[in-house]
Amino acid sequence: MQRLLLALLFFCSGALYAQRTVRFTVRDAVTDAPIPQASATLRHGRGQVSDAEGRLTLTGLTDSTIITFSSVGYDPLTYVLRDTAGSTVMVHLKPHEAEGEEVIVSSSRTESRIENLPTKVEVLGLEEVEEEAGVKPGNIGSLLGDVAGIQSQQTSAVSGATELRVQGLPGKYTQLLRDGLPLFGDFAGSFSILQIPPLDLRQVEIVKGATSTLYGGGAIAGMINLVSKQPKEGAPVNSVLLNYTTLNEANANVYFSRRKSRTGYTFFAGTTQQGAVDVNRDGYTDVAKTQSYFLHPVLFIYPSKKTTLSAGYNGTFETRTGGDITYVRGKDGPANRFFIDNDSRRHT
């Protein structure tokens, strides 16, 4: 009996003797900077958090203890304690390489970096633009209408004319740019956003408030820059989008781009055919009869890695008719017929 008690006492004392306290310092594997608030967790759940210098202390450790180190923005690291480790152990965590959507803000009237400007720039990236192209391929009206501080106000019930109001001001006080260049004056009013398909857009940049006057007196309310897609090296990009809705709207858009060596091109062409619709059967169009055609080819030349030359054309052709439904459909109607007929030709 005495021998058994001695053996148990010897075993327990040996286990207690093997337990020890170890100090850890958690650092960035690239910059060697200390990582504060890094977590060190043991298998049974007990753990500690590092201080501002990346240091933490764990007690009651034994050989072969498994410790998991983790921190936001870093890949977790599993560490196995060895008897060769001293009382202080250095742990290096590798930064987590996350692939995010590339957003490049391209328009600026100053030489300052965009993050140093007092101007707040809102960016609708490629993901939002592609989603809009799938939902509403004919125009970007609903895309901009979802942005805070921007309202799409219908100004004509029968023709569907829509005015883009930024900060509550009329559309004539909003400047619309295409790749940093101004489009026609007063383009934010009337039919403008109803004549811009989203398929060949890469992103939309929005500046609201007084700072937008850097882009001219017509930008008192704000500035909206529509940034087109550019060709990328590698395989060519070919996109075809066909759409038809229950309101008799048909869309057909194509986009092609390719870059090879020092030259490249993008080509967009599309059409929207909208039949006249009288939803509430009051004798007048709720959706105007519309025929639109769009053309936007661009040629790119790359003399050097830091220089890009581009020449392109942007054409929009549209006829839109609304009013008495019998007249719009080309049938005989009452003698005093009301209708609105618009014919637009835009060349840039």
Side-chain angles (χ1 to χ4, degrees), residues 15-130 147-148 202-209 211 214 225 227 230 232-234 302 304-308:
L16 291 173
Y17 178 78
Q19 293 182 352
R20 53 197 172 106
T21 299
V22 181
R23 293 185 295 272
F24 297 89
T25 301
V26 186
R27 291 183 172 272
D28 190 300
V30 177
T31 64
D32 200 40
I35 302 177
Q37 302 299 317
S39 301
T41 307
L42 302 179
R43 174 172 292 181
H44 57 270
R46 183 169 61 90
Q48 293 289 338
V49 177
S50 63
D51 59 13
E53 300 298 328
R55 295 173 299 194
L56 58 90
T57 302
L58 295 177
T59 60
L61 303 181
T62 60
D63 293 340
S64 301
T65 298
I66 300 176
I67 309 170
T68 301
F69 293 89
S70 61
S71 182
V72 177
Y74 293 87
D75 294 330
L77 174 67
T78 300
Y79 180 83
V80 180
L81 188 66
R82 303 296 184 187
D83 55 358
T84 56
S87 58
T88 302
V89 177
M90 193 74 66
V91 178
H92 290 87
L93 299 183
K94 295 182 179 180
H96 178 65
E97 297 181 359
E99 294 185 0
E101 177 186 346
E102 181 182 9
V103 176
I104 301 175
V105 179
S106 58
S107 62
S108 176
R109 287 294 178 92
T110 70
E111 298 298 328
S112 303
R113 293 176 61 85
I114 190 67
E115 58 265 26
N116 297 330
L117 292 175
T119 304
K120 178 183 178 182
V121 180
E122 298 183 39
V123 179
L124 300 177
L126 182 60
E127 182 178 353
E128 289 88 350
V129 174
E130 289 182 343
V147 179
R202 186 177 81 238
Q203 66 189 37
V204 180
E205 302 166 0
I206 304 170
V207 177
K208 295 179 291 186
T211 53
L214 288 169
N225 184 30
V227 183
Q230 294 189 5
K232 297 182 179 180
E233 291 185 313
Y302 307 93
S304 65
K305 293 183 178 180
K306 296 184 178 181
T307 305
T308 301

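Counting from 1, the numbers follow the sequence of the chain as shown. Predicted, not measured: the structure shown is a model, and the values here were computed from it.
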Asker: Given the rule in the side chain to side chain contact (heavy atoms under 4.5 Å, CB included) test, do D32 and H92 qualify, once you have shown the distances and angles that lead to the verdict?
Answerer: CA-CA 8 Å; D32 200 40; H92 290 87; 3.2 Å; yes
Asker: Could you measure the distance from the CG atom of L126 to the CZ atom of R202? Nearest 0.5 Å is fine.
Answerer: 8.5 Å
Asker: Mark yes or no for whether K208, through its side chain, and A148, through its backbone, hold a donor-acceptor pair below 3.5 Å.
Answerer: yes
Asker: So, the side chain of S39 versus the backbone of G47: is there a donor-acceptor pair under 3.5 Å, distance only?
Answerer: no
Asker: Between CD of Q48 and OG1 of T59, what distance do you get to the nearest 0.5 Å?
Answerer: 7.5 Å
Asker: Would you name the heavy atoms of S64 and V80 that are closest together and state the gap between them?
Answerer: CA-CG1, 3.9 Å
Asker: Please round to the nearest 0.5 Å and tell me the distance separating atom OG1 of T57 and atom CZ of F24.
Answerer: 9.0 Å
Asker: How many angstroms lie between atom CG of L56 and atom CG of D51, to the nearest 0.5 angstrom?
Answerer: 7.5 Å
Asker: Hey, are the side chains of V121 and N225 touching, using non-hydrogen atoms and a 4.5 Å cut-off?
Answerer: no
Asker: If I compare all heavy atoms of Q203 with all of G125, which pair ends up nearest, and what's the gap?
Answerer: CB-CA, 4.2 Å
Asker: Kindly give the heavy-atom pair with the smallest separation between P36 and A52, and that separation in Å.
Answerer: CB-CA, 3.9 Å
Asker: Provide the closest heavy-atom pair for H96 versus D75 in the form atom of the first, atom of the second, distance.
Answerer: ND1-OD1, 2.9 Å
Asker: From D28 CG over to L93 CG, what is the distance, rounded to the nearest 0.5 angstrom?
Answerer: 8.0 Å
Asker: Answer yes or no: is there a donor N or O on one side and an acceptor on the other, between the side chain of S50 and the main chain of Q37, under 3.5 Å?
Answerer: yes
Asker: Taking atom CZ of R27 and atom CD1 of I35, what is their separation to the nearest 0.5 Å?
Answerer: 9.5 Å
Asker: Hey, does V30 have a side-chain heavy atom less than 4.5 Å from the side chain of P95?
Answerer: yes
Asker: State, yes or no, whether a side-chain contact exists between L58 and T65 at a heavy-atom distance under 4.5 Å.
Answerer: no
